[in-house]
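Since we're looking at a predicted model, the values are computed, not measured. Note that these values count all heavy atoms, side chains included, but never hydrogens, waters or copies made by symmetry. Numbered from 1 within each chain, the chains take letters A, B, ... in sequence-line order.
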There are 2 protein chains.
Amino acid sequence: MADAPVPAAFAAHDHRQCAGTVLARAEALCATRGLRLTPVRRRTLEILLEAHRALGAYEVLERLKADGFGGAPPVAYRALEFLAALGLVHRIRRLNAFAACMHPGEAHQALFLICRSCNALAELPGAALRSALDAAAAATGFSVERASLEAVGLCPACRAAAA
Amino acid sequence: MADAPVPAAFAAHDHRQCAGTVLARAEALCATRGLRLTPVRRRTLEILLEAHRALGAYEVLERLKADGFGGAPPVAYRALEFLAALGLVHRIRRLNAFAACMHPGEAHQALFLICRSCNALAELPGAALRSALDAAAAATGFSVERASLEAVGLCPACRAAAA
DNA sequence: ACAGTGCATGTTATGGTATAACGCCAGAAA
DNA sequence: TTTCTGGCGTTATACCATAACATGCACTGT
């Protein structure tokens, strides 16, 4: 239940490898739950992993269409919804966009940092924050089911550039 | 910098009074900053206070139109944006909606609890949570400017009803 | 093999949210 | 008065999201 060690965040890393790992993880997750990682779903996840940033549903859709999949919005939204339900993809409400989860595992709370200058997106483990949130909510009798933790600001690179 | 004592949250309270207080606060805030609480802006805030719940921009627009103000979307969005910048109104991204702030003061962090059953909305002080968030972000070199903390779940009344 | 069932995909149509871009006007400043 | 600024109004359009229905495939039980 503890947070993962440390996220790649804004540091450079090997996209190829993280994508491969996540895809393998997705396969396994579907297999154990008797769900199907169909071509559209798999391709949708790949698209998000390749982009390595948040994409709007219509951007995903464009790429799916280019790959010969159905070109109407519900196609993309359904795949994204499926992946989000499994925690393989996160929805970033502030951006009306979706991003592949960088460290998918059983239920975890994500915390997003969005750079307003370069649009970089980092996903941090937010379990600790979530616990605090749950506690605050519980004090009013409210039970939390899902939470969005999203912050806008400047990433290290843009801060340096602005200085 | 400490959180306000305790929010009305889901408890009943006197709308008339809280609305009056907030409006007075808004007047004062604009005066001290040399900003203008114009008729549209004032009415927009009143509408949100009267509704006492989150309203979509188009709902606000309808009511503005009924009061003789311009009926095109930018009119509502501009007023809402102005009020949000002053912290008099909060934008709830999860709902694509806006709600009057229940305890406006200088910069404060709101935490929203949204009941998925009855759509009730509570605003809690989120300064503590925000500090934790800032710290987590700072560890990656990111500087937070604004944050959305929104949770979906069941309010006390709906929990009781579901049991 | 066959029919029945459930799930995934595809398609059409529509609804909801948000902003760009321009023109006008009033009040402050020169 | 002229000029400048900020706020408002309007048109038009872009962008985001889902309802509702049709098609088809894979699996199950007989």
Side-chain angles (χ1 to χ4, degrees), chain A residues 26-27 30-31 33-45 47-48 51 53-86 88-99 114 116 119 148 150 152, chain B residues 26 30-31 33-45 47-48 54-86 88-99 116 119 148 150 152:
Chain A
E27 299 273 17
C30 286
R33 297 208 196 171
L35 299 172
R36 295 161 53 197
L37 189 63
T38 62
V40 200
R41 291 168 177 173
R42 184 189 174 89
R43 186 68 196 120
T44 297
L45 181 53
I47 286 168
L48 288 176
R53 64 180 181 89
L55 294 181
Y58 279 65
E59 290 181 279
V60 171
L61 183 58
E62 280 304 305
R63 306 186 190 198
L64 283 175
K65 204 172 353 182
D67 291 343
F69 293 100
V75 172
Y77 279 100
R78 279 193 291 238
L80 290 167
E81 183 184 19
F82 173 87
L83 295 167
L86 268 68
L88 296 169
V89 157
H90 292 293
R91 184 169 196 160
I92 294 113
R93 318 220 58 127
R94 192 134 197 155
L95 301 175
N96 289 327
F98 301 82
I114 305 160
R116 67 166 161 79
N119 294 313
S148 311
E150 305 174 5
V152 174
Chain B
C30 286
R33 297 207 197 173
L35 298 173
R36 296 162 53 196
L37 189 62
T38 63
V40 198
R41 291 169 176 173
R42 185 188 173 89
R43 186 68 196 120
T44 298
L45 180 54
I47 286 167
L48 287 176
L55 294 181
Y58 280 67
E59 289 181 280
V60 171
L61 183 58
E62 281 301 308
R63 305 187 192 198
L64 283 175
K65 203 172 354 182
D67 292 342
F69 293 100
V75 172
Y77 279 101
R78 281 193 289 237
L80 290 167
E81 183 185 17
F82 173 87
L83 295 167
L86 268 67
L88 296 168
V89 157
H90 292 293
R91 184 169 195 159
I92 295 113
R93 322 234 37 143
R94 194 135 196 152
L95 300 176
N96 290 326
F98 301 81
R116 66 166 162 78
N119 294 313
S148 312
E150 305 173 4
V152 174

Roughly how many Å is it from [atom1] in [X] to [atom2] in [N], rounded to a whole number?
X	N	atom1	atom2	result
I92(B)	dA18(C)	CD1	P	12 Å
L83(A)	dA8(C)	CG	P	12 Å
L37(A)	dC7(C)	CG	C1'	15 Å
L64(A)	dT11(C)	CG	P	13 Å
Y77(A)	dT17(C)	OH	P	13 Å
L61(A)	dC16(D)	CG	P	11 Å
L95(A)	dC16(D)	CG	P	10 Å
E81(A)	dC7(C)	CD	P	14 Å

Pairs satisfying side-chain hydrogen bond (donor to acceptor under 3.5 Å, both in side chains), at least one member in residues 55-75 of chain B, at least two apart: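 Qualifying pairs: R43(B)-D67(B), R53(B)-E59(B).
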Five-pair end axes of the helix from dA1(C)-dT30(D) to dA30(C)-dT1(D) and the angle they enclose, rounded to 10°: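 About 20°, once rounded to a multiple of 10°.
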Touch class at under 4.0 angstrom, heavy-atom based, for R93(B) against every strand present: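 Answer is nothing: R93(B) stays at 4.0 Å or more from every strand.
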Residues S148(A) and R94(B): side-chain donor-acceptor under 3.5 angstrom: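 A pair is found: one side chain offers a donor N or O, the other an acceptor, under 3.5 Å apart.
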Reading 5' to 3' through nucleotides 4-12 of chain D, protein heavy-atom contacts under 4.0 Å coded B for base, S for sugar-phosphate only, - for none: ---SBBBB-
